[in-house]
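Positions are given from 1 along the sequence.
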Amino acid sequence: MQYELPDDDTLYAALLTRDPSWDGRAYVGVSSTGIFCRLTCPARKPKRAHCHFFTSVADCLSDGYRPCKRCHPMNPSAETEPLIKPLLAALEANPARRWREEDLVAMGHDPSTVRRAFKRQFGQTFLDLARQMRLQAGLTTLAEGGRVIDAQIDAGFSSPAAFRTAVANHLGLPPGAFRRDALLRADWIDTPLGAMIAVSDKSHLHLLEFTDRKALPTELKRLYKSCKGSLGLGRFGPIDQAQAQLSNYFEGRTARFDLPLALHGSPFTQKVWKVLQELPAGTTHSYSEIARRLGRPYAVRAVARANGANQIAIVIPCHRVLGADGSLTGYGGGLWRKQKLIEIERHYAPQQKEHV
């Protein structure tokens with residue numbers, strides 16, 4: 001997630017005191033060494049004149065700085081938040097629990113501190129994340145063929161109406177719209193950056209999105225209409241493939257995806273997506289560069305629209321496209337995820353023959 005930084009004197013003071021509130025929100029590039037660090041780095045502090053401050057790892061790398069080997073600024077910054085790990089563990093242990101701020105206080109946490117930490121790292125609050133996991137517990141019950149009433153109970157909703165409303169708001173379709181014998185089926189895949197929903201038929205993957213993407217309900221409605229209502233909960237083989245390949249990706253084994261994809265877009269949009277799939281992991285590119293590759297140098301806005309219309313996240317790597325100035329421009333899954341994906345892919349950069 002991008003932040004508007006205060007003046008450099010404020011950030012330099014934070015660097016001197018190793019202020020943890022700026023971790024993941026600001027980075028310092030040291031011109032005398034060519035290295036960039038977290039503001040909490042334990043290394044000896046550089047002179048003020050040698051310090052340049054940035055909002056993201058991508059900006060540091062674009063300016064030619066190398067990551068520090070002491071504070072490891074390219075590791076997910078959530079790992080440095082001491083309160084996040086135990087709360088995520090508690091959430092995973094009991095996903096159906098109805099969390100309230102009083103529960104956080106009982107655990108010795110300040111709710112406002114927890115709220116800021118989760119917003120900073122995940123783009124949503126802990127309570128929002130907890131509600132989302134509760135809902136997914138119910139949807140999993142539906143995907144396994146359970147009754148709506150059982151799904152409602154598993155999700156911790158007190159009334160059928162509340163559960164139906166929550167599902168409709170989350171997916172754009174009520175529970176009753178999903179068929180058991182459907183041609184297209186949807187299921188959830190957990191990733192280190194949050195849950196994703198995948199939709200496939202028996203042979204091709206049609207959609208892969210983070211579940212909190214604002215456009216997800218619209219995309220699912222569009223798929224529902226295109227398959228004439230034959231959309232259900234459950235999974236076919238391509239979703240298993242997607243889960244296995246995403247696991248390899250996040251665990252640092254390979255950034256290669258070879259899933260069979262069903263692309264829902266105009267011929268031009270599909271051409272853009274094909275070019276995106278050719279971009280090596282560990283590299284970033286501009287919209288204008290993509291337009292030039294297509295032989296349409298003046299179609300920059302059309303390329304940007306096609307990039308934003310991508311509904312198969314990560315596999316079609318629209319996150320590798322930055323603004324002309326190297327900034328982290330719009331990403332449906334949230335700018336904080338775009339930054340994390342770019343950080344993750346730096347691991348793959350030395351393995352590539354092409355560098356941009």
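In the hydrophobic cluster analysis, where Ile, Leu, Val, Met, Phe, Trp and Tyr join through side-chain heavy atoms closer than 4.5 angstrom, L207 is grouped apart from F236. A continuous path of ILVMFWY side-chain contacts below 4.5 Å connects I239 to L261, so both sit in one hydrophobic cluster. L16 and I35 end up in different hydrophobic clusters when Ile, Leu, Val, Met, Phe, Trp and Tyr side chains are linked at under 4.5 Å. Residues I314 and L193 fall within the same hydrophobic cluster, defined by Ile, Leu, Val, Met, Phe, Trp and Tyr side chains chained together at heavy-atom separations under 4.5 Å. Clustering ILVMFWY residues whenever any of their side-chain heavy atoms sit less than 4.5 angstrom apart, transitively, puts W99 in a cluster other than the one holding V105.
For the pair V303/V300, no side-chain contact is recorded, criterion being any heavy-atom separation below 4.5 Å from C-beta on. Considering only heavy atoms from C-beta on, Q339 stays 4.5 Å or farther from I342 through its side chain. Contact of the V199 side chain with the D187 side chain is not registered, since no non-hydrogen atoms from C-beta on lie closer than 4.5 Å. Under the 4.5 Å side-chain criterion, counting only non-hydrogen atoms from C-beta, L15 is in contact with P46. Residues L231 and R179 form no side-chain contact, since every pair of their non-hydrogen atoms from C-beta on lies 4.5 Å or further apart. Two residues are said to be in side-chain contact when any heavy atoms from C-beta on lie closer than 4.5 Å; V114 and L87 meet this criterion. Looking at heavy atoms from C-beta onward, C41 lies in side-chain contact with C68 at the 4.5 angstrom threshold. Residues E101 and L127 meet the side-chain proximity criterion, which asks for heavy atoms closer than 4.5 Å.
Checking side-chain atoms of R222 against main-chain N and O of T218 turns up no donor-acceptor pair under 3.5 Å. Here the side chain of H347 pairs a donor or acceptor atom with the backbone of G252 at under 3.5 angstrom. Put simply, the side chain of R115 never gets that close to the backbone of T125: no donor and acceptor are under 3.5 Å apart. Between the side chain of R185 and the main chain of L233, no donor-acceptor pair closer than 3.5 Å is present. With S230 contributing its side chain and L183 its backbone, the two residues share a donor-acceptor pair below 3.5 Å. Counting only distance, with no hydrogens or angles, the side chain of R320 and the backbone of L276 share no donor-acceptor pair below 3.5 Å. The closest donor-acceptor contact from the side chain of T283 to the backbone of L279 lies at 3.5 Å or more, if one exists at all. At least one donor-acceptor pair closer than 3.5 Å links the side chain of S31 to the backbone N or O of H50.
Between atom CG of residue N307 and atom OH of residue Y331 there is a gap of 9.5 Å, rounded to the nearest 0.5 Å. Separating the NE2 atom in H204 from the OG atom in S200 is a distance of 10.5 Å, to the nearest 0.5 Å. With rounding to the nearest 0.5 Å, the separation of CZ in F250 from CG in D190 is 11.0 Å. To the nearest 0.5 angstrom, L322 atom CG is 10.5 Å from E289 atom CD. To the nearest 0.5 Å, atom CG of residue L205 and atom CD of residue Q311 are 9.5 Å apart. Rounding to the nearest 0.5 angstrom, the gap separating the OG atom in S32 from the NZ atom in K47 is 8.5 Å.
Remark: aromatic rings of Y65 and Y27 are distant, center separation not under 6.0 Å.
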Handout entry: W273 and V315: CA distance, side-chain angles, deciding distance, side-chain contact (heavy atoms from CB on, under 4.5 Å) verdict
Key = CA-CA 10 Å; W273 293 343; V315 175; over 6 Å; no
Handout entry: Q245 and L259: CA distance, side-chain angles, deciding distance, side-chain contact (heavy atoms from CB on, under 4.5 Å) verdict
Key = CA-CA 9 Å; Q245 293 186 19; L259 296 162; 3.7 Å; yes
Exercise for the section: Start with the C-alpha distance between W188 and M196, add both sets of side-chain angles, then the distance that settles side-chain contact (heavy atoms from CB on, under 4.5 Å), and finish with yes or no. Expected result: CA-CA 6 Å; W188 283 260; M196 303 185 78; over 6 Å; no
Exercise for the section: Go through V28 and Y12 one step at a time and tell me if the side-chain contact (heavy atoms from CB on, under 4.5 Å) criterion holds. Expected result: CA-CA 9 Å; V28 59; Y12 187 66; over 6 Å; no
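The pair R100-E102 does not count as a salt bridge, with every side-chain nitrogen at least 4.0 angstrom from each carboxylate oxygen. A salt bridge is defined here as a Lys NZ or Arg NE, NH1 or NH2 lying under 4.0 Å from an Asp or Glu carboxylate O, and K274 with E278 fails to meet this definition. Between R256 and D258 there is a salt bridge, since at least one side-chain N of the basic residue sits less than 4.0 Å from a carboxylate O of the acidic one. Using a 4.0 Å cut-off between a side-chain N of Lys or Arg and a carboxylate O of Asp or Glu, D103 and R97 qualify as a salt bridge.
Under the 3.5 Å distance criterion, with hydrogens and angles disregarded, a donor-acceptor pair is assigned to the side chains of E345 and H319. With 3.5 Å as the limit, one finds a donor-acceptor pair spanning the side chains of R235 and Q243. Side-chain contact, S112 with D110: a donor N or O sits under 3.5 Å from an acceptor N or O.
Within a 6.0 Å radius of NZ in K45, more than 12 heavy atoms belonging to other residues, nucleotides or ligands are found.
The minimum heavy-atom distance linking L39 with A26 is given by the pair CG-O, 3.9 Å. Heavy-atom minimum distance, S203 versus P238: C-CG, 3.6 Å. Looking at every heavy atom in both residues, R292 comes nearest to P297 through CG-CB, 4.2 Å. Between A182 and G232, the shortest heavy-atom distance links the atoms CB-N, 3.1 Å. The minimum heavy-atom distance linking N310 with E219 is given by the pair O-OE2, 4.3 Å. In plain terms, the two heavy atoms of R346 and G282 that are nearest each other are NH1-O, 3.2 Å.
Every residue two or more places apart in sequence or in another chain that forms a ring-ring contact (aromatic ring centres under 6.0 Å, His included) with F257 is listed here: Y249.
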